[in-house]
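What's counted below: heavy atoms across the whole structure, side chains too, no hydrogens, waters or symmetry copies. Throughout, a chain's letter reflects where its sequence line sits, starting with A, and its residues are numbered from 1.
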2 protein chains.
Amino acid sequence: MTDSNPNASPSAPSMPSDALPPVEQHAQQYATVRNAHETELIEDYVELIGDLLTHRGEARAADIANRMGVSQATVSKMIRRLNELELVTSKPYRSLFLTAAGQEMAETSRARHDVVLNFLRTLGVRDATARIDAEGMEHHVSDETLAIMQRFTEQQERR
Amino acid sequence: MTDSNPNASPSAPSMPSDALPPVEQHAQQYATVRNAHETELIEDYVELIGDLLTHRGEARAADIANRMGVSQATVSKMIRRLNELELVTSKPYRSLFLTAAGQEMAETSRARHDVVLNFLRTLGVRDATARIDAEGMEHHVSDETLAIMQRFTEQQERR
DNA sequence: CAACATTGTTAGCCAAGGCTAAATTATTTG
DNA sequence: CAAATAATTTAGCCTTGGCTAACAATGTTG
Ligand SMILES: [Mn+2]
Ligand SMILES: [Mn+2]
Ligand SMILES: [Mn+2]
Ligand SMILES: [Mn+2]
């Protein structure tokens, strides 16, 4: 064992480079990221389908492909997966709809996405940049951080 | 074409849900995320190897496996890839080292990681949470946002 | 220094998420 | 209403990043 660091949580406010965290904590960091990556594409699809239903009244595979910037074949395959996960219902050649579980996921994801996006805007990030960053960041923001972002945004607005 | 939205950039400060962005911009959001996901694991490995070299003097496959929370076989395969990308040099059964390109990537990634981590701490996120969130967020933060985070952190410290 | 423990590699498997090309099914229109 | 067009699905391919099990090399120690 080359490595054994029982304890190290220096919260010095701005040191250039902290000591390595304890092995278990470090592994947990990466595990959480791997976990987020398993669900984030699913969340983005469900969120997008919800948005299309809200703003366009229907969610067609071709629209999803255009908005995702991905081939129709890729979308078709993903729709099969969403179906198996019982997040959407679909009849061939018809608009998609969200199941109850799908709607819940869509709302949660949308709310989280909006908090992150508005937080970035409030910080002063340009809109186009904020949208790009929020699309990736949203999946890696804990509830704790999300609440802080929300509070921050509200406080800034109240001025 | 069911979908055609020429222009929509409402920067209203906290509307519940914005209109859909134009298709091309929307597709660009997802494309940027897909792109980040292609490089982020590589960055995390290189960053970790750099950190192990700095803090431990050597970077062994077993340590990486423990810290990443992943099997040794997975690490072994990834090392082959890092070799092919000429980011590390390795002789079998010896510590890894970073090439010049690898060192540069390690430093860039580490700096970015630290900015995000310290920003979250400054916001008031608990250390363990901040570490987890930073590990995922770092790969989805634009240079623009990074600069703003850095400035914010420095301003808060100067009080 | 031989046995045991640790470390590293290889082989072979799997699922996810891309792609292109071809086939199928609606929809629109002359 | 038949033909052309558009939308969707399927088939088959690829890369990435996991895994386990078996094997190989190195290190440690009685
Ligand atoms: Mn997203
Ligand atoms: Mn990371
Ligand atoms: Mn990192
Ligand atoms: Mn990510």
**Rounded distance in Å - CD (B:Gln72) to P (D:dG18)** = 15 Å
side-chain hydrogen bond (donor to acceptor under 3.5 Å, both in side chains) with [X]: which residues, sequence neighbours excluded?
X        : result
B:Thr145 : A:Asp133, B:Ser142
A:Glu43  : A:His139
B:Glu154 : B:Gln150
B:Asn83  : B:Ser90

**Asked** Which residues within residues 30-44 of chain B lie with some heavy atom under 4.0 Å of an atom in DNA chain D?
**Response**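 Of all residues in residues 30-44 of chain B, the ones placing a heavy atom under 4.0 Å from DNA chain D are B:Leu41.
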**Prompt:** Which of residues 78-86 of chain B sit near DNA chain D, with a heavy atom under 4.0 Å from it?
**Reply:** B:Met78, B:Arg81
**Request:** Determine which pairs satisfy salt bridge (Lys or Arg N to Asp or Glu O under 4.0 Å) with at least one residue from residues 68-81 of chain B, sequence neighbours left out, and list them in order.
**Result:**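 For residues 68-81 of chain B, and leaving out neighbouring residues, there are no salt bridge (Lys or Arg N to Asp or Glu O under 4.0 Å) pairs at all.
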Pairwise N/O distances under 3.5 Å, protein to nucleotides 22-26 of chain D:
unit_1 : atom_1 : unit_2  : atom_2 : d
D:dA24 : N3     : B:Tyr93 : OH     : 3.3
D:dA25 : O4'    : B:Tyr93 : OH     : 3.2

**Prompt:** Does A:Thr74 put a side-chain nitrogen or oxygen below 4.0 Å from OP1 or OP2 of C:dG18?
**Reply:**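 Negative; the distance criterion is not met.
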**Request:** Under the salt bridge (Lys or Arg N to Asp or Glu O under 4.0 Å) rule, collect the residues that match up with B:Glu144, sequence neighbours excluded.
**Result:**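 Partners of B:Glu144 under the salt bridge (Lys or Arg N to Asp or Glu O under 4.0 Å) test: A:Arg126.
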**Message:** Filter on ring pair (Phe, Tyr, Trp, His ring centres under 6.0 Å), then keep only pairs touching residues 57-85 of chain A, sequence neighbours left out; what's left?
**Reply:**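 Ring pair (Phe, Tyr, Trp, His ring centres under 6.0 Å) check on residues 57-85 of chain A returns no pairs.
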**Item:** Set of residues satisfying side-chain contact (heavy atoms from CB on, under 4.5 Å) with respect to A:Ala36, sequence neighbours excluded
**Value:** A:His140
**Item:** Co-members of the apolar cluster containing B:Ile148 [side chain, <4.5 Å]
**Value:**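 Members besides B:Ile148, by chain and number: A:Val115, A:Val116, A:Phe119, A:Leu120, A:Leu123, A:Val125, A:Met137, A:Val141, A:Leu146, A:Ile148, A:Met149, A:Phe152, B:Val115, B:Val116, B:Phe119, B:Leu120, B:Leu123, B:Val125, B:Met137, B:Val141, B:Leu146, B:Met149, B:Phe152.
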